[in-house]
2 protein chains.
Amino acid sequence: MGRVASHDSHLRMTGQPMPSLHRRHTVQAITTRCLDSETIIPYYPAMQKTARQSQPAAQPPGRPREFDMDTALDGAIRVFCERGYHATSIGDLTAAMRLATGSVYKAFRDKHAVFLAAFERYASVRGEQTRAAAARGANGREKLRNVLLSYVEHSKGSEGRRGCIVVGSAVELSAVDPVMRARVTAQLKTNETFIAGLIREGQADGSVPDHVEADDTARLMICMTQGLRVVGKARLPLDGERLVGVAMKLLA
Amino acid sequence: MGRVASHDSHLRMTGQPMPSLHRRHTVQAITTRCLDSETIIPYYPAMQKTARQSQPAAQPPGRPREFDMDTALDGAIRVFCERGYHATSIGDLTAAMRLATGSVYKAFRDKHAVFLAAFERYASVRGEQTRAAAARGANGREKLRNVLLSYVEHSKGSEGRRGCIVVGSAVELSAVDPVMRARVTAQLKTNETFIAGLIREGQADGSVPDHVEADDTARLMICMTQGLRVVGKARLPLDGERLVGVAMKLLA
DNA sequence: CGAATTAGGGAATGGTTGCTTCCTATGTCT
DNA sequence: AGACATAGGAAGCAACCATTCCCTAATTCG
């Protein structure tokens, strides 16, 4: 039973995420906008002393980064989604990111930081896709329908098999890693308020009946979407039209 | 990239689940009935040559087991649900099962076998609970309502925080462990046909309209239930009455 | 009773992992 | 040029993990 302070101790203990006093760094953070575009979350592409302060396009000193952070993170997303956090070794990570070990550890504090950055990017990209799907609808009801359909499509086939990093984090880490748990719940709430917003929009434009309970329905729909990712990862076939057709009854 | 045959190699490679020729053993398997009570799945409490053949109460030779297998497995279920497969060390396991390392390995081939046995017991227990919930309903519709309510209750609070081993397996293992993937999909299908059966029962007794598509609705409800476990693990509050109230619209 | 057999439990083992540290080469800034 | 920072790889380290070994009980069979 006695296990004390290991490498990834902050994942196994209830403790804090380690104050990161390794190098104090006021990062010039690349920010990504999230689903509801309310919250702006920074992720750390590297550690570099802030450039000049008010010259946003100024290139920092030193050799510029050769690899593209986003494509590297896309690789990280791929493995993390597929295998989860614990089963992904640094070797898996460097292979997927096409980076050497040293480079990874130069760009990120540790494995956990890579995971967080991958999570951030995933949330940002998926949020954009979802908002795009919504935008293709004429009214609240149509938007909602498109959003649900988009969720099903992303839960199917090879992408579905790969899995969702949010669901993965919730299941694998939320009991044991307070940082990721906070991030996951925030993400779920963001998505939920986005959906609730669409329902209210539908009620305003008359495409959704007024007696629909926006918040409860939104929460149930979040359950549906998260469950879709679980079921999709287990490779059960999913038929978008049929499932969404049934789901739209919730707006009756 | 080069990783060859590690401890839990059959989990990391695409390979087979290892033919288990370690010791050939015709186990006198303790069997558990599953949700739909159609399939009988053996799990391996130990390796003992079959006793006499047709004397079910005959005690096998050797020192009898001291611990209760089911309570030990309940402990295993607890940690596996909470931390998942990979993050659970043998130390965690022995602590939770209140067994010494050697005893665990005497009773099970390896960690994977413990996990499978825990999964089996979990499925069996939860199946019984679900069937009990259904039995408390007067007609198909009521049964369904009770089942959904039971799912929400189990996804809430401390049990919800602990999590569901089926969801955990789906997310953490199904991409990488064909044995568990098969087990997970089988379980999901079993649950799905159970729900579909309740819908049809409701249609037969008049409590559910005939135009409801039983299969599609059942699949969507499975997504809901699995999603509930994800959301519950992320600790979002869940209100059974409200959520199920909304969900019952699917039977309109 | 002895032989056979199995469980209990803890110590030992061997391999892997995450992480760190070196090193040299390279590119961009002041 | 000099400072700085990245790239990439190799080598190393301490920790940990899953598994095995081994010795001690407890029970049945002959």
Side-chain angles (χ1 to χ4, degrees), chain A residues 1-12 18 22-23 25 28 45-49 51-52 55 57-69 72 85-95 97-115, chain B residues 1-12 18 22-23 25 27-28 45-52 55 58-69 72 83 85-95 97-115:
Chain A
M1 47 158 63
R3 195 183 322 95
V4 265
S6 67
H7 292 310
D8 46 353
S9 51
H10 57 296
L11 274 187
R12 311 210 53 150
M18 169 204 281
H22 271 187
R23 315 187 183 184
H25 47 107
Q28 190 211 7
M47 322 179 160
Q48 37 190 334
K49 311 234 165 92
R52 217 40 91 236
Q55 239 137 314
Q59 183 167 331
R63 179 176 174 177
R65 172 170 292 136
E66 266 173 21
F67 66 90
D68 179 47
M69 175 60 77
Y85 180 81
H86 291 289
T88 301
S89 72
I90 303 290
D92 296 329
L93 219 39
T94 55
M97 301 174 82
R98 302 184 158 283
L99 287 181
T101 340
S103 307
V104 170
Y105 276 90
K106 200 96 61 180
F108 299 93
R109 197 179 321 111
D110 53 16
K111 186 182 169 185
H112 191 263
V114 182
F115 188 81
Chain B
M1 45 159 64
R3 193 183 321 96
V4 266
S6 67
H7 292 310
D8 44 355
S9 51
H10 57 296
L11 274 188
R12 313 210 50 151
M18 168 204 279
H22 271 188
R23 316 184 182 187
H25 46 111
V27 190
Q28 190 212 5
M47 325 180 160
Q48 36 191 336
K49 309 232 166 93
T50 312
R52 215 40 91 235
Q55 238 139 314
Q59 180 169 331
R63 178 175 174 177
R65 169 169 295 137
E66 270 174 16
F67 66 90
D68 179 47
M69 176 59 76
R83 310 165 97 81
Y85 180 82
H86 285 109
T88 301
S89 72
I90 303 291
D92 297 328
L93 219 40
T94 55
M97 300 175 82
R98 302 185 159 281
L99 287 181
T101 341
S103 307
V104 170
Y105 276 88
K106 200 94 60 182
F108 300 92
R109 198 180 318 109
D110 53 15
K111 185 182 169 185
H112 192 262
V114 182
F115 188 81

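Throughout, protein chains are lettered first and strands after them, A, B, ... in sequence-line order, and every chain is numbered starting at 1.
- When each of B:Ile90, B:Val114, B:Thr94 is checked for a side chain to side chain contact (heavy atoms under 4.5 Å, CB included) with B:Tyr105, only B:Ile90 meets the rule.
- Note: CE (B:Met69) to C1' (C:dG8) measures 13 Å, nearest angstrom.
- Nearest nucleotide to the B:Ser89 side chain, out of D:dG8, D:dA18, C:dA11: D:dA18.
- Within the 4.0 Å cut-off from OP1 or OP2 of D:dT19, at least one side-chain nitrogen or oxygen of B:Tyr105 is found.
- The side chain of B:Pro61 approaches D:dT28 more closely than any other nucleotide in the set D:dG8, C:dG9, D:dT28.
- One can place CG of B:Leu99 at 11 Å from P of C:dG10, the figure rounded to the nearest angstrom.
- In this model, a side-chain donor or acceptor of B:Lys106 finds a partner on the base of C:dG8 within 3.5 Å.
- Counting only heavy atoms from C-beta outward, the side chains of B:Arg63 and B:Glu66 approach each other to under 4.5 Å.
- Between the side chain of B:Arg65 and the base of C:dA7, no donor-acceptor pair of N or O atoms lies under 3.5 Å.
- Rounded to whole Å, atom C1' of D:dT6 lies 15 Å from atom CG of A:Asp68.
- For the pair B:Ser103 and C:dG9, the criterion of a side-chain N or O lying under 4.0 Å from OP1 or OP2 is met.
- For the pair A:His112 NE2 and C:dC19 C1', the computed distance is 15 Å after rounding to whole Å.
- Both A:Arg98 and B:Gly62 lie close to DNA chain D; mapped to their nearest nucleotides by heavy-atom distance, the more 5′-ward contact belongs to A:Arg98.
- For A:Ile90, the listed nucleotide lying nearest its side chain is C:dC19; candidates were C:dG9, C:dC19, D:dT19.
- Across the protein-nucleic acid pair, A:His86 atom NE2 and C:dT16 atom C1' stand 16 Å apart, rounded to whole Å.
- Between the CZ atom of A:Phe67 and the C1' atom of D:dT6 there is a distance of 9 Å, given to the nearest Å.
- In this structure, B:Arg98 has no salt bridge (Lys or Arg N to Asp or Glu O under 4.0 Å) partners at least two apart in sequence or on a different chain.
- Interface remark: the B:Arg63 side chain does form a donor-acceptor pair with the C:dA7 base, using a distance-only criterion of under 3.5 Å.
- One interatomic measurement links the two molecules: NZ of A:Lys111 to P of C:dT17, which rounds to 10 Å at whole-angstrom precision.
- Between A:Tyr85 and B:His86, every side-chain heavy-atom pair lies at or beyond the 4.5 Å cut-off.
- Between the CZ atom of B:Arg83 and the C1' atom of D:dC16 there is a distance of 14 Å, given to the nearest Å.
- For the atom pair B:Leu99 CG and B:Lys106 NZ, the distance stands at 12.0 Å (nearest 0.5 Å).
- Summary of the strand contacts: A:Glu66 and A:Gly102 both lie near DNA chain C, and taking for each the nucleotide with the nearest heavy atom, the more 5' one is attributed to A:Gly102.
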